[in-house]
Every structure is written in C-alpha cells, then in structure tokens.
Amino acid sequence: MSAISEVVQRARAAFNSGRTRPLQFRVQQLEGLRRLIREREKDLVGALAADLHKNEWTAYYEEIVYVLEEIDYMIRKLPEWAADEPVEKTPHTQQDEAYIHSEPLGVVLIIGSWNYPFNLTIQPMVGAIAAGNAVVLKPSELSENTASLLATILPQYLDQDLYPVINGGVAETTEVLKERFDHILFTGSTGVGRVVMMAAAKHLTPVTLELGGKNPCYVDKDCDLDIACRRIAWGKFMNSGQTCVAPDYILCDPSIQSQVVEKLKKSLKEFYGEDAKKSRDYGRIINSRHFQRVMGLLEGQKVAYGGTGDATTRYIAPTILTDVDPQSPVMQEEVFGPVLPIMCVRSLEEAIQFITQREKPLALYVFSPNDKVIKKMIAETSSGGVTANDVVVHITVHSLPYGGVGDSGMGSYHGRKSFETFSHRRSCLVRPLLNEETLKARYPPSPAKMPRH
Amino acid sequence: MEREVQRVRAAFGSGRSRPLTFRRRQLEALRVMVQEREKDILAAIGADLSKSEFNAYSQEVITVLGEIDLMLEKLPEWAAAKPAQRNLLTMLDEAYIQPEPLGVVLIIGAWNYPFALIIQPLIGAIAAGNAVIIKPSEVSENTAKLLAKLLPQYLDQDLYAVVTGGVEETTELLKQRFDHILYTGNTTVGKIVMQAAAKHLTPVTLELGGKSPCYVDRDCDLDVACRRIAWGKFMNCGQTCIAPDYVLCEPSLQDLIVQKVQEAVKGFYGENVKESPDYERIVNLRHFKRIQSLLEGQKIAFGGEMDEATRYIAPTILTDVDPGTKVMQEEIFGPILPIVPVKNADEAIQFINEREKPLAFYVFSHNSKLIKRMIDGTSSGGVTGNDVIMHFTLSSLPFGGVGSSGMGAYHGKHSFDTFSHQRPCLLKTLKREGVNQLRYPPNSQSKVDWAKFFMLKRFNKERLCLLLLTLLGVLAAVLIKRYQAVLRTKALLIFLAVHRRAIP
C-alpha cells in the first residue's frame, strides 16, 4: 500500500473510532486551530510573504482574519447546527417525531489553491472539522512555503491521525484522487475541476468545486466614478489580481472610459505609490509560468497604464487596457493577474447580452446609483454571487454561501453552509408502534372498486 | 439529440419560464393531465408492472398530485429572495439570497415507479423555472410511451421534451450539456451518469439504492411490526428502492417473525397470492432470473414459488441467512426477505456499518433510547422508526441517499432548491466610503488593529442593543436636564391640544 493510501486509511480508522462525534472534541480541535493561528502568525506571514510577497497586513486582512472569524462563528453556533432539526408534519404524521439529523460524512478531502493558500485550505477545513469529519488536506504545491509550513504545524495543534496533510505535485494529487472519500472540496481551475469530478465519480463521492471565470464589472455612466474606481482598483489589484472573485474586466460606456482610466490611476497611485514595485503592499505573481501567461495577454493591446513587468521578481505593474476587443486572448481566459481590460458597451442591455453569451462567472459586479439598473442586471444574468457598488465583499458575509454555478463551480460553503456541505442531513421519521387502526386503509386487499375521487 | 437539447435551451433562453405565472400554469396543466388522463396513466403502469388501478393510484398518482398542490401553494414563498443576516460592516446594506433557474435540467427515470419517479422531480424542475428534458426508463415501456404522448399535449412543447430509447439513446443524451441531472436507478449506472456530467461540470442528484436493513428488537409489538414490514417489503413485488431489504434480529425472534409475516401476507393477498389483484409481477425476465438465482442454497421458511411465464415470484422468507451468500451481496429488489440473525443491537450496528451506506434504515422497538442509539450509530439516506417507507411521504423531509446510495435530495422545497441556483447578493451604496478607508493600502499597524476590533469583537445583537440603549438613556437624561423648562412647556401645550380635540 502506498504511503498516501496508508495516510488516508489511518484517517478513516481514526474517524471510525468515533472520537470526532462528541461536539466537545470538535470544539477542542477548532480551538487548537485558533491557537495555531495566534501563536504561529509570524510563521504564517513569513510563508505567505515568500510565496506571494504578502506582508503582515495583507496576510491578515486577506486571509487570516476570515479564518479566525469562521472559527469563532463555528464554535458559537455548533450546538445549534448539530442539533436535530424538527420539520413540519402532515395530519398523518402528527403522532410522529419528524426531524433532520445531521451527521458527519466520514473522510473529507480538501484540495487547496495557491492564491490564498492559507485561507482556501483552512477555512473549508473549519467546517469539515465542525461537522465531525476526518479531513485530508492537500495544499497547492505552487505555494510551497505555505504547504510545507502547514504540514509541519498542523500536526502540532490538531489530532495527527484525523487531519493529515499530504504534499506534492500532480503525481501525488492523482494518487490521492484514486482513494475513496466521502466528500471532496476543490478550489482551482475549471480544467482541473473536471478531472476532480471524474475521479470522484468512480467512488460516487459528492464534490464542492470552487472554480473561476471572468467576473464582469459593469460601471454605469451615472455613478460616482471616484468611489467606484477606488473600490474596483482595490479588489482587482489585491494579491496582484490573483483572486477568484476579482473583477476580471470592466464594461462601460465609451464616453466614460477615459475618466474611468484616470480615476483608476489615481487610486492606484494612492494605494501603491508612483512605482508599485516599491510598495510593500503590492503582491507578486506566483511563478514564472503564470508571469509569462499574464504578460502574454498584453500583446497587441492598448495599454493606458502600466504594462511593464520584471521576470526575476515576477512583478507585473498594475495595468489598464482600453478599447479591448472581445476576441483577443485577454478576453478568452480568466486574467488572474493585475491587468484590467476595459470593454466598451453602449448600453446596459448590451452589457447583459455580452455577459449572458459567456460562461456563468463566479462573481458579477455592477456599479450604479440606480436600483433599477442593479436589479435588472441581476435578474437577467447569472453568476455564483453578486456585489453591487463594490467588489469581493459578498464573500465576507457568513450568511451568504460562497460558490459558483455552471463553469464557475458547484456547491458552496462559508458559515452554516460549510457545516451543511460537510454533513449528511438524514431524514428521520420515528413513529409509535401503536395506532394500527389509522393505518388499516393502506393495507391490501384494496377495495373492490376504485373509489370515486 | 443535440438539436433537441438546443431547441429546449433556446426555449429557456427566451425567458418565458421566468415569471411565476408561467410556471403556475404549467403545473396546473400537469395537474389537469393527471386528472383527465388518469385511466390511461393507471393502465400504462398496470401494463408495465401488473399493478392494480388502486395500487397505481395510491402509490404513484396521489404522491404526484400532492406534490403539485404543495408546489403551487408555496411557489411565491420559495421563489422569493430570502434576506440574509448581515454583519457589522454590512449592517446598512441589502443582503439576500435570490433563487434562480439553472437552465436545462435532465431527468432520467426508473422503471419501478415509472410515473412518479419522472413526474415528481419534473414538478420541482418546472417550479424552479427550468426547461426540462425527460428520459423515462425504457424498461417500463408503456409508461414511457404514454409520457411521450401526453406531456406535449399539456405542457409547453419546447421547454419540456420527452426523449425515449434505450442505452444507446441515453448515452447520446448524456454527451449533451445540461445544468443539472437528476438520475434515479442503480449505483453502477449512477457512476456513469456522474462521469458524463463531470465533462460538462454538471451538478447531479443521484437517487440510487442499496440494501436497506431492518432491525427488529425483542422489545416490540411483533404483530404490528411484521405487518408493517410485510406491507413495505412486498408492495410492487419488492421493487421499491426503500423497501426493507433484509431483517436483522435475535435468533429467538426468527420463527415468530416468519409466522407473523406469513399471517400478514395471507391477510393482504389471500391464500392464493397469485390470484390477488394487489400483488404485482417482476418487471422483466432478466430481473426474474436474477432474483430466482438468489434463492439457491437458501433455507426457505415460506414462499419460493415461481412462474416464469407470468414472472410471478411468491412472497418468500429466508431464515438463518449467511451474510456471505449471494442474496446478501446485492440489492434484492424482489419479494425475498432474508432474515440474518444477530446477537443484539450492537452486533446489528456493526453489521450495518461494515457495509455500504443504504438508502433507508429501519428499526422496530418500543425503546426510543435504542432507536436513537441505532440512528446515531449508523448512517443511511433516511430513517423510519417503527414503520417502513413512510419517511418518503413527508415532503418536508429531504429524500435522498448518502455514499453509494446517492447524493443530493429532493421532494417539496428540497426539489425547488435542488433545481435552483441560490445566488447570494450584497447591495451596497456608493456612499459611506469612510467605512472602507481601513481596507485600502497603504497598510499600517493601526489599520490592522482597528480591523481586528471591528471584525473580531463579538458584538452580538443583544449586547449592541443594550449598549445603544444605555447611550440613549444617558443622552436622554442629559437632554432632559438641560431642556427641562422647554420640555415642560411643550408637554403642557401637547396636553392642551389633545384635550381640546377630545372635547366635542
């Protein structure tokens, strides 16, 4: 049996021991996770800095704080969510107990991504632990410092058999995917999403796939462009554009294009100074392959700002492209970099048509002071989620489930939805052995004639 | 096939399934269809499964009518945006979850309840605003043909299309792209469906099967228990995904159980079961032969009679069954009830847990603590305690499997939710930019400290309210002290004004 098989079997045996069932145990593990974050924050920041040029502030705001929030929320709500949920009964079932009983699924696999390597591995894990499962973690090998740090510190704070970390590249991930799990949560690209679902199908393993797409950002003529552009710049260029819910491209009327460019530039200078390369807060591209890929998207484009890059440090300047042709490469794939294409459309209807002709994105953004415009955009399009008049933040609200639709993914998590995703919600109807009289009608023999009804 | 799916997709793209009034009309038309063409429907089911009109009505048609009525009643409520709880930073924003249609849904039906297992999911898919392609099982061919004929006569022909055919046609269909696939059938084909869906990243609901165990405790009313078990086991000649597949009990109970099940069977079907109009037949020769082979080498306590010509298999009980034998290796899906003796409830729990998670779990006992313990100690799609089948009939309970018995669930609201995308929406304004200042670079330690304060302080509602009230109270006290004189005059004026009005 391979090393990977052994690790998974051990996790399954640990799950079967039953020790994750009591809520107390799960809370203990979550508290362990919280302690890990508090005590090892420096190490985490160091790893994130090495992987993505994050600093103690961006690491905190963009990744760590959300995990801490999730842990607090989960610990507080666990008794409520884990309790049996009574359901509405019919006249026939008044004498019965009818409820939904939440139970762990078993062994969950979480495959993390490299762009928020801590958050995207640990935040789902919080829900999986709370729901009583064993969890096998497979962090992304691209963010290698975070991956090896997690492998070192998690066993120091959590049950070592129940929550193993498996590291490695494509070969190891393929090995892991041959094993049988009770749920797989994968964050990453659409292409690999298909591979994961295919592998899961062999074992009939349900999956939650957090994928991506091109998140459109429609900017209405009538809105306060100062504020709109500042918010867009913030969400687009954080982590150097490597955010699954970043506004991928802008759709706006040609008459405001130059204004939009000016105001974006203004915000970028406020955030990162004249030369973003010197800013402590500006990220770097994860590796050379992605660096080349993003730089390649600039070919033949009208660069209104930025456009430069440095291969040695994998720095790409915040870049704005104007009058972008929808057929060009930058509009064919998710940018996932600090390049913001602006495409001109003449009306809201044209923007809606453009969006609906393409794959359903993970997020959709619309900026307008006019509620009707916002409601129309939402009603006539589809996407994983929506933020109006801002970007990214819908994923920070616990009560809003985070996930995609169509090519951008399936299933969702965060807060209670995490707990539900990683549980089996088992329908239970418990009747008394009495009242046989009332059931007589259901037993054969049936009446001689079909009763009139 | 591709053209058919394109046509349906174009119909969805037209947007006409979005308004609730349109969906209501389709559901009402479905109801009219079921009521007007009842005779044809019952006849088709009867032809496929040798089922009496009464049974076809009570097992399939009633369920469908109930679901339509529930969906019509609840549609406005379920389709409405649901406000979501906000946090401190989003307190003044609009946050809600908006259900929307997925697009084109594929429903693949099974042959054992050929009408209900197509129409019940169809109701949910229509209510959620989707276009639907329906692929009934070719094994129940009379019902398949009837559905292909009737549905276009009552429903929108472009939005809801029926595709008939066998393995070849289903394979072709599965190459197309859908926005959700609901499949009812066996585990093996379930894997094939999911693999096909994976190519298009299509989410799936798989209603599969397994061996649903039935534990009978010594502390229970065996008369009642055995009657209920016999009812659920032998209905539709055992061809029910949630039929109690086998019984687990202490050895001392075995003979009594055999006796009481036999009594119940006599009560239901008479001395000559073959003559009873209420007893169905095995759907085809292949399944007949399959079930026949399960009896090899078994101790038959009663039953065992078969007639290949009519595909009749008598209600049969096997005792002292060896868990290693064939009858305990696959889902029986026939009128054979094996009894596997176990020492006690703990051994029963162990036995169940060593096997794949079943679609249903049944336990009969007066001891509610025992029932709870067995539920806690096992897993299954659903559970009925002290009866069988019935958890299926309460639509507030999601109906689905876990592990090999399936994924996802439907019925009632769960259908509506399965066939919708629940889209989270956060609507902010372009004002109050001040609140956002903390998040913009350049970063500093003070910014992070403030962020920690706002995001991690546990301001639950009550404490916040108390804080605000206290502040208000203090404010009020200060104001009142300062403006006592003014307030007194004002109070007097108001009093006089009210008094003057009150006096006619």
Side-chain angles (χ1 to χ4, degrees), chain A residues 57-58 60-61 65 68-69 87-88 90 93 98 101 103 182 193-194 197-198 201-202 204 206 223-224 227-228 234 271-272 281 369 374 378 382 385-390 393-394 397-401 405-407 410 424-433 436 442-447 450, chain B residues 52-55 84-87 90 95 100 179 190-191 194-195 198-199 201 203 220-221 224-225 231 268-269 278 366 371 375 379-380 382-387 390-391 394 396-399 402-404 407 421-430 433 439-443 448 451 455-456:
Chain A
W57 306 312
T58 51
Y60 193 80
Y61 273 132
V65 72
L68 283 172
E69 268 196 318
V87 298
E88 205 182 307
T90 53
T93 44
H101 175 74
E103 26 182 77
D182 300 289
R194 287 196 183 97
M197 190 171 171
M198 281 291 263
K202 297 204 175 76
L204 284 171
C223 78
D224 183 337
I227 297 184
W234 167 73
F271 295 166
Y272 307 116
D281 298 316
I374 295 175
I378 295 178
S382 188
V386 177
T387 299
N389 290 326
D390 205 345
V393 286
H394 62 283
V397 181
H398 285 304
S399 55
L400 294 178
V405 65
D407 267 16
M410 60 179 77
H424 171 48
R425 289 165 56 74
R426 188 179 184 195
S427 293
C428 298
L429 182 69
V430 183
R431 326 197 75 187
L433 270 168
E436 194 60 351
R442 77 184 193 189
Y443 298 127
S446 53
M450 269 285 276
Chain B
S52 69
E53 278 194 352
F54 181 81
N55 283 352
Q85 207 187 36
R86 295 158 295 182
N87 56 25
T90 48
E100 22 177 80
D179 300 289
K191 287 184 181 152
M194 189 171 173
Q195 282 174 330
K199 295 204 175 79
L201 284 171
C220 91
D221 182 337
V224 173
W231 168 72
F268 295 164
Y269 307 115
D278 295 316
H366 279 307
I371 294 181
I375 294 179
S379 189
S380 65
V383 177
T384 298
N386 289 328
D387 204 346
M390 295 306 287
H391 63 283
L394 190 55
S396 52
L397 289 174
F399 179 66
V402 65
S404 289
M407 60 180 78
H421 170 49
Q422 304 283 342
R423 189 181 187 194
C425 300
L426 181 66
L427 272 50
K428 306 190 72 128
T429 71
L430 281 165
E433 184 62 345
R439 74 188 195 189
Y440 298 128
N443 286 308
V448 175
M455 294 172 106
L456 291 179

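Residue numbering restarts at 1 for every chain, and letters A, B, ... go by the order of the sequence lines.
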Trainee: Is chain B contacted by the side chain of Asp407(A), its backbone, both, or neither, given a heavy-atom distance below 4.5 Å?
Mentor: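 Backbone plus side chain of Asp407(A), per the 4.5 Å heavy-atom cut-off to chain B.
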
Trainee: Looking at every non-hydrogen atom in both residues, tell me the closest pair between Tyr272(A) and Pro441(B) and how far apart they are.
Mentor: CE2-CG, 3.9 Å

Trainee: Which of the residues Gly403(B), Pro442(B), Cys220(B) is involved in the greatest number of heavy-atom pairs with chain A at under 4.5 angstrom?
Mentor: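 Max contact count across the listed options: Pro442(B).
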
Trainee: Does any backbone or side-chain atom of Leu394(B) lie under 4.5 Å from a heavy atom of chain A? Answer side chain, backbone, both or neither.
Mentor: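 Just its side chain gets close to chain A.
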
Trainee: Are any of the side-chain heavy atoms of Pro445(A) and Tyr269(B) separated by less than 4.5 Å?
Mentor: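 No. Closest side-chain heavy atoms not under 4.5 Å.
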
Trainee: Side chains of Arg426(A) and Ser379(B): donor-acceptor distance under 3.5 Å anywhere?
Mentor: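 Ser379(B) and Arg426(A) do not have a side-chain donor-acceptor pair below 3.5 Å.
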
Trainee: Nearest 0.5 Å, what's the CH2-CZ distance between Trp234(A) and Arg439(B)?
Mentor: 4.0 Å

Trainee: Looking only at heavy atoms, what is the nearest atom pair of Met410(A) and Pro203(B), with distance?
Mentor: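 Nearest heavy atoms, Met410(A) then Pro203(B): CE-N, 3.7 Å.
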
Trainee: At a heavy-atom separation under 4.5 Å, does Thr93(A) approach chain B through its side chain, its backbone, both, or neither?
Mentor: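 Contact with chain B involves the side chain of Thr93(A) alone.
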
Trainee: Ile378(A) versus chain B, heavy atoms under 4.5 Å apart: side chain, backbone, both or neither?
Mentor: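 Interface part for Ile378(A): both.
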
Trainee: Would you call Asp387(B) and Leu429(A) a side-chain contact if the rule is heavy atoms closer than 4.5 Å?
Mentor: no

Trainee: Find out whether Ile374(A) and Leu427(B) are in side-chain contact, i.e. whether some heavy atom of one side chain is under 4.5 Å from a heavy atom of the other.
Mentor: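 Yes, their side chains come closer than 4.5 Å.
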
Trainee: With sequence neighbours excluded, what pairs up with Tyr440(B) under the side-chain hydrogen bond (donor to acceptor under 3.5 Å, both in side chains) test?
Mentor: Glu433(B)

Trainee: Could you grab the distance from atom CG of Leu400(A) to atom CZ of Arg86(B), nearest 0.5 Å is fine?
Mentor: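 It is 10.5 Å, given to the nearest 0.5 Å.
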
Trainee: Kindly compute the distance separating CG (Asn386(B)) from CZ (Arg431(A)), expressed to the nearest 0.5 Å.
Mentor: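 That separation rounds to 9.5 Å.
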
Trainee: Between Asp182(A), Thr90(A), Asp224(A), Val405(A), who has the most heavy-atom pairs with chain B when the cutoff is under 4.5 Å?
Mentor: Val405(A)

Trainee: Nearest 0.5 angstrom please: Thr90(B) OG1 to His398(A) NE2, how far?
Mentor: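 With rounding to 0.5 Å, OG1 (Thr90(B)) is 10.0 Å from NE2 (His398(A)).
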
Trainee: Are there over 12 heavy-atom neighbours, none belonging to Glu88(A), within less than 6.0 Å of that residue's CD?
Mentor: no

Trainee: Picking from Thr58(A), Val87(A), Leu204(A), which has the most non-hydrogen pairs under 4.5 angstrom with chain B?
Mentor: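 The option with the most such pairs is Leu204(A).
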
Trainee: So, Ser427(A) side chain and Pro398(B) main chain: donor-acceptor pair closer than 3.5 Å or not?
Mentor: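 A pair under 3.5 Å: yes.
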
Trainee: Does any backbone or side-chain atom of Glu436(A) lie under 4.5 Å from a heavy atom of chain B? Answer side chain, backbone, both or neither.
Mentor: both

Trainee: Heavy-atom pairs under 4.5 Å with chain A are the metric here; pick the option from Gly190(B), Gly382(B), Cys425(B) that has the most.
Mentor: Cys425(B)

Trainee: Could you go through Ser446(A) and Asp278(B), starting from their C-alpha distance and side-chain angles, then the distance that decides it, and tell me whether this counts as side-chain hydrogen bond (donor to acceptor under 3.5 Å, both in side chains)?
Mentor: CA-CA 7 Å; Ser446(A) 53; Asp278(B) 295 316; 2.5 Å; yes

Trainee: Which one of Asp390(A), Val393(A), Thr387(A), Val397(A) has the most heavy-atom pairs closer than 4.5 Å to chain B?
Mentor: Asp390(A)

Trainee: Heavy-atom distances under 4.5 Å only: say whether Thr429(B) touches chain A with side chain, backbone, both or neither.
Mentor: backbone

Trainee: Should Val386(A) and Leu426(B) count as side-chain neighbours, where that means a heavy-atom distance under 4.5 Å?
Mentor: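 Contact flag for Val386(A)/Leu426(B) side chains = no.
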
Trainee: If you count heavy-atom pairs within less than 4.5 Å of chain A, which of Lys199(B), Met390(B), His421(B), Met407(B) leads?
Mentor: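 If we count pairs closer than 4.5 Å to chain A, His421(B) comes out on top.
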
Trainee: Does Trp57(A) offer a backbone N or O that forms a donor-acceptor pair with the side chain of Asn443(B) under 3.5 Å?
Mentor: no

Trainee: Go through the atoms of Met197(A) and report whether side chain, backbone, both or neither lie under 4.5 Å from a heavy atom of chain B.
Mentor: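 For Met197(A), the contact with chain B is made by backbone and side chain together.
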
Trainee: If you count heavy-atom pairs within less than 4.5 Å of chain A, which of Lys428(B), Arg423(B), His391(B), Lys191(B) leads?
Mentor: Arg423(B)

Trainee: What part of Ile375(B) is in contact with chain A, defined as an atom under 4.5 angstrom from a non-hydrogen atom: side chain, backbone, both or neither?
Mentor: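 For Ile375(B), backbone and side chain are both near chain A.
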
Trainee: What part of Met194(B) lies closer than 4.5 angstrom to a heavy atom of chain A: side chain, backbone, both or neither?
Mentor: both

